[in-house]
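Worksheet: one structure, shown below.
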Amino acid sequence: MSRMDAFRRRMGGLAYGGDYNPEQWDREVWREDVRLMREAGVNLVSLGVFAWASLEPEPGTYEFGWLDEVMDLLHDNGIAVNLATPTAAPPVWLTHLHPEVFPIREDGQPFGFGNRLHYDPSSPIYRRYAAAITTKLAERYSFHPALAMWHISNEYGPTAYNEAASENFRRWLRRRYGTLDRLNEAWTTRFWGQVYTDWEQIDVPHIPRTWMNPTRRLDFKRFTSDALLECFVAERDIVRSFRDDIPVLTNFMRFFRHADYWKWAPEEDAAALDIYPNPADAGSHVSAAFNFDLFRSLKGGQPWLLMEQSSSAVSQWSLNIVKEPGRMRLGSLQALGRASDSVMFFQWRASRGGQERFHSAMLPHSGPDSRTFREIKDLGREMRLLAPLAGTTSRAEIAILFDWDGWWGLEEVFGLPRSDFSYTDTVMRHYTPLWERHHAVDVVSASSPLDGYKVLVVPNAYLIGDEGVRRITEFARAGGTVLMSFFSGVVDADNRVRPDGYPGAFRELIGAKIDEYWPARPDEQFTVEFKGGPTTTSTWWREDLRLEGGTALATYADGLLAGQAAVVENRYGAGRVVYVATLLEQAAFDELVAGTVEAAGVRARFAGVPAHVECAVRGDETHEYVFLLNHSGESGASVPLEADGTDLLTGRAVTGRVELEPLGAAVVRIAR
Amino acid sequence: MSRMDAFRRRMGGLAYGGDYNPEQWDREVWREDVRLMREAGVNLVSLGVFAWASLEPEPGTYEFGWLDEVMDLLHDNGIAVNLATPTAAPPVWLTHLHPEVFPIREDGQPFGFGNRLHYDPSSPIYRRYAAAITTKLAERYSFHPALAMWHISNEYGPTAYNEAASENFRRWLRRRYGTLDRLNEAWTTRFWGQVYTDWEQIDVPHIPRTWMNPTRRLDFKRFTSDALLECFVAERDIVRSFRDDIPVLTNFMRFFRHADYWKWAPEEDAAALDIYPNPADAGSHVSAAFNFDLFRSLKGGQPWLLMEQSSSAVSQWSLNIVKEPGRMRLGSLQALGRASDSVMFFQWRASRGGQERFHSAMLPHSGPDSRTFREIKDLGREMRLLAPLAGTTSRAEIAILFDWDGWWGLEEVFGLPRSDFSYTDTVMRHYTPLWERHHAVDVVSASSPLDGYKVLVVPNAYLIGDEGVRRITEFARAGGTVLMSFFSGVVDADNRVRPDGYPGAFRELIGAKIDEYWPARPDEQFTVEFKGGPTTTSTWWREDLRLEGGTALATYADGLLAGQAAVVENRYGAGRVVYVATLLEQAAFDELVAGTVEAAGVRARFAGVPAHVECAVRGDETHEYVFLLNHSGESGASVPLEADGTDLLTGRAVTGRVELEPLGAAVVRIAR
Amino acid sequence: MSRMDAFRRRMGGLAYGGDYNPEQWDREVWREDVRLMREAGVNLVSLGVFAWASLEPEPGTYEFGWLDEVMDLLHDNGIAVNLATPTAAPPVWLTHLHPEVFPIREDGQPFGFGNRLHYDPSSPIYRRYAAAITTKLAERYSFHPALAMWHISNEYGPTAYNEAASENFRRWLRRRYGTLDRLNEAWTTRFWGQVYTDWEQIDVPHIPRTWMNPTRRLDFKRFTSDALLECFVAERDIVRSFRDDIPVLTNFMRFFRHADYWKWAPEEDAAALDIYPNPADAGSHVSAAFNFDLFRSLKGGQPWLLMEQSSSAVSQWSLNIVKEPGRMRLGSLQALGRASDSVMFFQWRASRGGQERFHSAMLPHSGPDSRTFREIKDLGREMRLLAPLAGTTSRAEIAILFDWDGWWGLEEVFGLPRSDFSYTDTVMRHYTPLWERHHAVDVVSASSPLDGYKVLVVPNAYLIGDEGVRRITEFARAGGTVLMSFFSGVVDADNRVRPDGYPGAFRELIGAKIDEYWPARPDEQFTVEFKGGPTTTSTWWREDLRLEGGTALATYADGLLAGQAAVVENRYGAGRVVYVATLLEQAAFDELVAGTVEAAGVRARFAGVPAHVECAVRGDETHEYVFLLNHSGESGASVPLEADGTDLLTGRAVTGRVELEPLGAAVVRIAR
């Protein structure tokens with residue numbers, strides 16, 4: 001039995017709760033907390049995330065009494081603990097004693113005190129203190145009966161430009177390249193005469209400027225992710241050395257560019273996500289769906305954990321809209337529908353002061369007699385009804401490539417034909433038509449195995465290493481369908497243009513050579529005619545492309561490229577490749593995606609269901625659980641089902657159709 | 001006789017003149033200056049404001065000869081001197097010798113040389129040198145016959161993040177909190193584990209970052225204001241130790257966020273204002289009116305001094321529009337109408353070079369034969385006609401709360417439901433309908449006594465301490481009318497959310513509990529129906545509010561809060577409270593303000609006069625002086641008067657009505 | 001025979017080629033390079049521009065073998081070398097050893113490694129190392145048969161705020177002013193009490209702030225230009241000490257504000273320009289034309305060198321549009337038409353990696369079988385046909401003032417009536433109507449002789465020294481026509497307002513005194529009536545102006561200045577002055593310019609040719625070469641010619657008319 005299986009068994013199904021920070025409150029409040037937690041159905045709390053200063057008020061002096069008391073109190077009330085190592089918030093004495101621990105920012109200024117994550121992950125001093133408090137916690141609580149899980153630090157993220165970071169960067173580079181000659185070759189340092197002749201000459205790229213060696217910058221992103229991962233692994237190994245039968249993980253963030261989660265995930269027992277979709281953004285639930293699919297995919301389809309969300313508004317933005325009635329529940333069900341095994345919040349009780357005093361909580365400033373707490377209790381009740389979901393998952397026929405190297409290549413370096421690429425936007429542009437058509441989608445990296453999929457979607461994969469190229473090529477050769485969009489396969493893993501004409505990686509695959517990339521002027525628009533199909537438009541990007549075996553699926557009808565291919569189709573081995581060389585108007589692109597997926601034989605189980613009703617399925621050998629989530633606050637929907645079942649939320653039998661009110665939801669259990 | 005009474009007597013009425021910087025010019029120019037000053041009716045000049053380098057060219061070496069000569073020359077020509085301590089502009093030798101005097105800016109960079117106000121107010125070195133030159137000046141000129149007033153330094157303002165500032169900040173915090181436990185409690189440092197265990201760990205919040213402890217930031221604002229005030233008091237005490245029968249003051253600025261003028265005013269003999277309304281801003285004369293009312297209120301209704309304004313354009317903005325013909329005169333009369341006892345300018349003669357070479361002056365680059373100098377002479381003549389105004393003042397039935405703590409709470413800290421609050425905008429939004437209806441308004445702080453007022457207006461008082469809460473509550477209980485707008489009474493003086501539901505300070509006063517603050521999406525608009533009244537709209541903010549004794553004066557007619565109260569009326573003790581929980585469309589809000597004031601029995605003496613004619617009254621036991629100022633450049637106006645009198649500007653009798661041309665003005669003396 | 005004459009003879013006409021960076025490639029690539037260069041008609045390459053790290057891999061250790069080989073290879077293939085001193089790109093060992101060489105940026109941060117031009121030009125360390133490598137190169141290659149020209153460093157530009165810069169600045173100031181008294185007077189340091197009493201107190205204005213002494217800032221610009229020039233002169237003198245019969249120069253940039261090219265040009269054998277017109281900017285070919293005219297004028301009409309351009313897109317902007325087919329050729333011909341003797345590119349072969357990997361090249365990533373390389377070869381063929389152009393030039397009857405002091409005065413300092421002056425925009429606004437009417441235009445500085453011109457155009461000459469004032473005044477007195485626009489002649493060379501009323505320098509010349517500058521509100525528009533002419537509008541700027549001998553050519557018909565002069569005409573000596581005191585609507589301004597030029601008797605040789613066909617003429621005693629360049633991609637044109645000739649591009653006789661296709665061109669040789 002895996003550690004996560006044991007954890008699910010202990011939870012008796014799904015986990016429900018949130019960050020609990022009792023150190024902010026007096027003892028009498030703790031009693032009320034626990035009473036209300038029980039009322040709300042809480043069965044797990046993340047404890048001590050920011051408690052370092054309370055646990056070690058002075059170097060080497062520990063105060064565990066209050067934590068003992070809280071752990072006991074929780075356990076006595078049947079609430080399990082996800083115990084945090086508090087290393088995301090070094091105490092002020094640490095940085096006062098060792099100011100060099102403060103991360104130096106890109107602009108050369110030290111980060112200073114007043115926030116959290118104020119440490120250079122490469123700092124040996126920080127690491128020593130972090131190991132010490134982690135060891136003390138593990139010694140004391142590894143076998144406390146409340147302990148169900150270790151929460152290592154919090155939202156790993158700092159990028160540091162310190163001297164210690166430079167030293168660690170050099171070590172990392174030595175491991176990567178072995179010799180300076182190989183580094184100079186990979187970084188193309190002969191350009192502008194930047195050849196390194198001594199490792200000591202290399203430092204972090206710490207001053208912002210207009211131009212920077214793009215591979216140095218790329219490697220610095222890789223290094224920063226790895227330096228943070230070293231911190232995680234060190235603490236994980238400490239707690240595991242005391243006890244190795246409970247899960248150890250950390251909490252990741254939505255679309256976080258600075259850590260390569262594909263590389264991190266294997267080091268954890270489960271992928272865990274903090275997600276704060278912006279209620280002011282009408283499409284935030286679609287990007288949430290993508291992130292949920294990503295987190296399910298990070299560990300090969302294993303259920304993941306929703307570790308933090310807000311009950312209503314957050315406070316970190318310039319405009320913090322509340323989650324309107326019903327939307328917090330819908331977002332929670334959405335995560336469960338995409339294989340989360342938990343719904344957790346930051347935080348249990350709203351703080352009176354401090355930086356996030358207006359961040360909503362399970363128990364808000366307005367107290368138990370409030371809309372928010374009523375919704376929290378209602379959801380707690382539903383979580384128990386949904387216990388059968390625990391441990392089940394889902395699997396798709398469509399995969400979409402989402403890769404940190406590709407992200408960094410497009411966004412972290414200078415000097416592209418245009419600088420306003422957004423990797424997440426392009427990924428969402430490809431994902432959204434699939435989501436709207438209720439297709440299940442897995443997310444893959446350039447290193448993921450692709451067997452079992454019918455369709456692979458490759459959004460703007462400018463930077464892709466040889467392994468990724470090989471996997472994609474083999475996938476197509478073996479009969480898969482590849483939908484690839486423009487500016488893909490341009491540079492190798494060293495950010496060097498692949499030789500012999502664009503797109504060096506995929507010239508044969510797409511059956512075309514690109515003479516030159518033609519970014520479009522603002523407001524320029526082109527007419528694109530599909531062969532035997534509709535006429536549409538495109539903007540933003542064109543490619544001066546010569547067919548080499550491929551055929552034009554669509555051509556430009558105007559402009560200087562009139563008559564040339566805008567969309568190329570190529571038969572490659574047993575497979576089919578569709579290459580989109582321009583930014584098609586969205587509706588036409590959606591149809592192209594839908595048609596490509598259909599042609600590949602992907603089943604459209606929920607065809608005909610309106611786009612505002614999200615359909616998601618998870619299951620196991622015996623049952624499947626069909627989630628129907630109506631994101632519209634105005635329209636209801638009537639959704640036909642192929643098989644009869646039971647709505648877990650109401651306990652009622654479902655035959656033929658499910659009727660959904662605005663913001664309504666159903667979770668239908670259907671026997672396989 | 002107070003020092004200011006003596007000063008007025010010496011001036012023979014009002015003061016007229018400007019900053020005079022003879023050190024920029026040769027001796028022969030001085031003669032012409034004095035001749036033209038006499039021609040213009042100047043009777044007071046502010047001398048030596050930036051003359052430190054000329055008075056003490058090297059450390060401890062003084063050159064007073066030129067100043068002696070200028071003082072004598074002025075005195076010989078009947079012009080009095082407002083002598084400045086030159087400490088706003090430390091000489092370059094000082095900062096070259098002691099670079100640590102330069103204020104470190106928020107971004108960590110020293111301020112450097114080339115501007116003025118380039119000192120850390122906490123610097124003991126700066127303070128020592130400033131005391132020395134002040135002492136020397138006082139020794140030499142305290143009894144010079146030209147001396148009429150001391151002008152301490154200039155436009156106090158620097159915020160410094162130096163090590164000396166950190167030390168002074170720690171002293172200030174020790175005085176405020178006594179113990180670290182109380183500081184940690186006030187600052188809520190348990191949040192994110194930021195507990196201080198040694199005073200030495202605290203420093204100024206010197207690096208900009210996204211998050212900062214909000215109370216640390218708030219206290220730093222308070223401290224900075226106090227550190228500057230220490231500088232003022234030190235110099236004041238020096239000059240007063242030589243002679244204590246003439247006024248001592250410094251010049252404040254319009255809407256200056258970084259010094260709490262309520263705390264400064266008691267230390268001065270008169271409040272003095274530098275004001276530069278932007279001619280490109282069509283409403284700048286209304287915000288000028290507010291500032292004039294504030295300055296009259298700062299010392300409890302005593303006449304104040306207009307210490308600096310421009311004759312035409314300034315030069316510090318990106319676009320510096322001229323004051324069109326007649327507008328400088330109108331702005332001057334506006335200040336006099338709101339109880340200023342002076343009209344002064346920066347500066348007498350336009351500089352040929354330097355940073356402000358295009359700042360207009362009484363004597364502009366185009367010389368005496370210029371529109372500007374003609375207007376200056378014309379005004380000088382009128383100033384003498386208005387001599388009877390000196391010493392008179394006015395008093396209002398309406399008070400509006402304007403408080404630096406409240407300002408800092410809304411604007412200086414992070415993490416509010418929305419970050420685009422503008423305290424001055426909200427104050428002006430409340431003040432403008434009163435100004436347009438010609439109501440006299442006093443300005444009060446959270447500590448001001450409120451007796452005597454009929455209406456208290458409370459704009460977005462998010463942060464308010466217990467004393468303010470008590471005063472407002474008592475005012476209502478005793479029969480006053482309170483008009484309060486949304487997001488008031490939320491946090492205490494420590495920036496901590498008041499417990500037991502929003503708005504913790506005023507839940508009983510307004511007769512409602514607020515479940516949650518609902519900032520609106522951009523472009524969201526709500527329909528608001530007044531009970532038995534008009535239907536209007538609101539935007540930007542709503543509150544999910546439950547009545548607890550109050551009644552709905554207006555409710556939302558659409559949106560998720562449809563049917564809930566948007567405006568609450570509550571009877572509290574003998575008083576009435578109107579609480580506005582949304583940002584009403586301006587015309588509807590104006591009507592609400594007007595109706596509330598009318599219902600409270602405030603007299604509308606100038607009802608019916610068009611809004612573009614400003615009406616203001618000052619007076620004493622025997623006479624009142626009615627100012628009628630037509631701000632329109634296109635329309636004339638005919639204003640009825642209740643009583644007959646004499647227009648001081650023309651000497652003509654006024655019976656029944658006053659006819660005003662575009663930009664016309666009258667100052668009617670009416671016997672009581 | 002001048003060095004440039006000898007160079008032209010060696011080239012056998014025009015030079016064609018580009019930057020060649022063989023150090024980025026393996027030996028086998030070099031062979032292909034040279035073969036393709038010959039195919040393309042390349043006869044000159046700029047070699048070693050960024051090769052310092054390859055030439056001196058460690059301090060004092062040199063590796064010349066590869067360069068020997070490349071030089072020999074080029075020479076064997078008949079390709080001449082423009083050999084660069086590589087000092088624009090100091091090796092990493094230099095800055096690692098001496099970090100003080102890094103330029104400190106205006107924000108106080110060191111520039112760091114990863115770009116080029118990372119040196120403080122005042123650094124004695126940098127200068128020592130630069131002299132050493134320059135000496136070594138000169139020793140070894142001065143008499144290599146491939147050597148045809150020295151290319152000193154590259155695109156001089158860094159502005160540094162280092163301590164070494166401060167020291168050098170003080171030396172520069174001592175030379176300029178001699179005594180501190182004169183400096184204090186020039187800088188008006190009595191304003192705000194900033195009097196310097198010791199040279200050591202002066203430093204570079206290194207911290208950005210809202211206010212800065214405007215003359216200190218101005219002098220710092222002058223100093224920076226001079227400090228860079230010192231670097232150029234030092235290297236030039238070294239190479240010349242070995243051999244003085246070949247040209248020595250450096251490459252300048254388009255509209256580069258930070259070096260006064262008028263002061264640099266006399267130090268060089270030819271003016272050389274790098275130009276990258278933005279294809280996304282529809283008017284970029286007009287600003288290119290101006291820059292070409294400037295570069296011809298920099299050395300008094302001598303042919304100049306186009307040293308760098310791109311074959312297609314660049315990569316430094318946020319959006320890098322390709323040069324569409326035919327436009328690279330047209331831009332090249334445009335330079336030749338305005339007296340360039342070369343067409344050179346950056347760079348020969350596109351780099352695989354590094355900062356500019358997407359900068360297009362003569363040989364692009366897509367290889368020889370590409371649109372770009374085909375266009376390069378075609379142009380190479382045409383370059384040989386155009387060989388007769390070499391050494392010829394042109395001369396105009398119209399001059400336009402373009403002066404770095406004037407530029408700095410308008411843009412580099414604070415405190416003007418409005419801060420959004422763009423010097424290059426105002427110059428282009430004056431130049432464009434002349435370009436559209438096919439007038440030849442020379443560019444002059446404030447120190448250029450003006451004899452021989454009929455018209456002098458003076459755009460917004462806010463800052464102009466006494467010599468410029470004298471030259472312009474004399475030019476008018478002697479019968480010239482001056483077209484001057486507003487805000488001219490305001491301050492002297494010390495940035496001090498000239499006394500006795502605006503515009504102090506030109507009050508008599510324009511026959512008017514300006515009482516006050518009236519910048520306009522955004523969106524304010526004024527009606528302007530020309531005497532007996534059209535009614536038009538103006539915006540942005542007005543002047544409250546009193547005629548003193550001049551007459552109104554146009555007056556305002558509305559606004560507060562209604563009836564006052566908007567355009568003044570003045571007879572001055574034998575000349576005529578037109579002074580434009582407002583920003584006229586462009587079409588009306590164009591007509592005014594055209595009419596003024598016509599009235600001055602300037603010949604309109606190409607009257608009637610559409611504006612999209614650029615007409616330029618160069619020639620010598622025996623022939624003239626008429627360039628007709630159709631910039632329209634849509635319309636053709638039929639251009640009449642006064643005399644018959646031969647189109648060098650086709651070899652065909654031209655009689656009567658030239659027919660041009662869209663983007664078509666002709667270069668007609670006509671015997672004088």
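The sequence lines fix the lettering, A, B, ..., with proteins before strands; numbering per chain opens at 1. These values consider heavy atoms only, across backbone and side chains, with no hydrogens, waters or symmetry-generated copies.
- Remark: A:Arg542 qualifies as a cation-pi partner of A:Phe526 under the 6.0 Å distance and 45° angle criteria applied to the six-membered ring.
- Ring-centre distance between A:Phe111 and A:Phe102: not below the 6.0 Å cut-off.
- Of the listed residues A:Gly193, A:Gly501, A:Pro519, A:Pro417, the one with more heavy-atom pairs under 4.5 angstrom with chain C than any other is A:Pro417.
- Listed options A:Glu516, A:Arg546, A:Glu524 were ranked by heavy-atom pairs under 4.5 angstrom with chain C; first place goes to A:Glu516.
- Using a 30° and 60° split on the angle between ring planes, C:Tyr119 and C:Tyr126 fall in the parallel class, below 30°.
- Using a cut-off of 4.0 Å between Lys/Arg side-chain N and Asp/Glu carboxylate O, A:Glu548 and A:Arg507 are scored as salt-bridged.
- Using a 4.5 Å cut-off between heavy atoms, A:Asp203 does not touch chain C at all.
- Pairing each heavy atom of A:Tyr161 with each of A:Thr159, the nearest pair is CE1-CG2, 3.5 Å.
- Considering only heavy-atom pairs separated by less than 4.5 Å from chain C, the leading option among A:Glu200, A:Arg418, A:Gln201 is A:Gln201.
- Ranked by heavy-atom pairs under 4.5 Å with chain C, the list A:Ala186, A:Pro214, A:Pro522 is led by A:Pro214.
- Under the 3.5 Å distance criterion, with hydrogens and angles disregarded, no donor-acceptor pair is assigned to the side chains of A:Thr215 and A:Asn495.
- For C:Pro86, no part lies near chain A; criterion is any non-hydrogen pair under 4.5 Å.
- Contact count versus chain C (heavy atoms, under 4.5 Å) is highest, among A:Leu560, A:Ile514, A:Asp420, A:Asp515, for A:Asp515.
- Both the backbone and the side chain of C:Trp93 have a heavy atom closer than 4.5 Å to some heavy atom of chain A.
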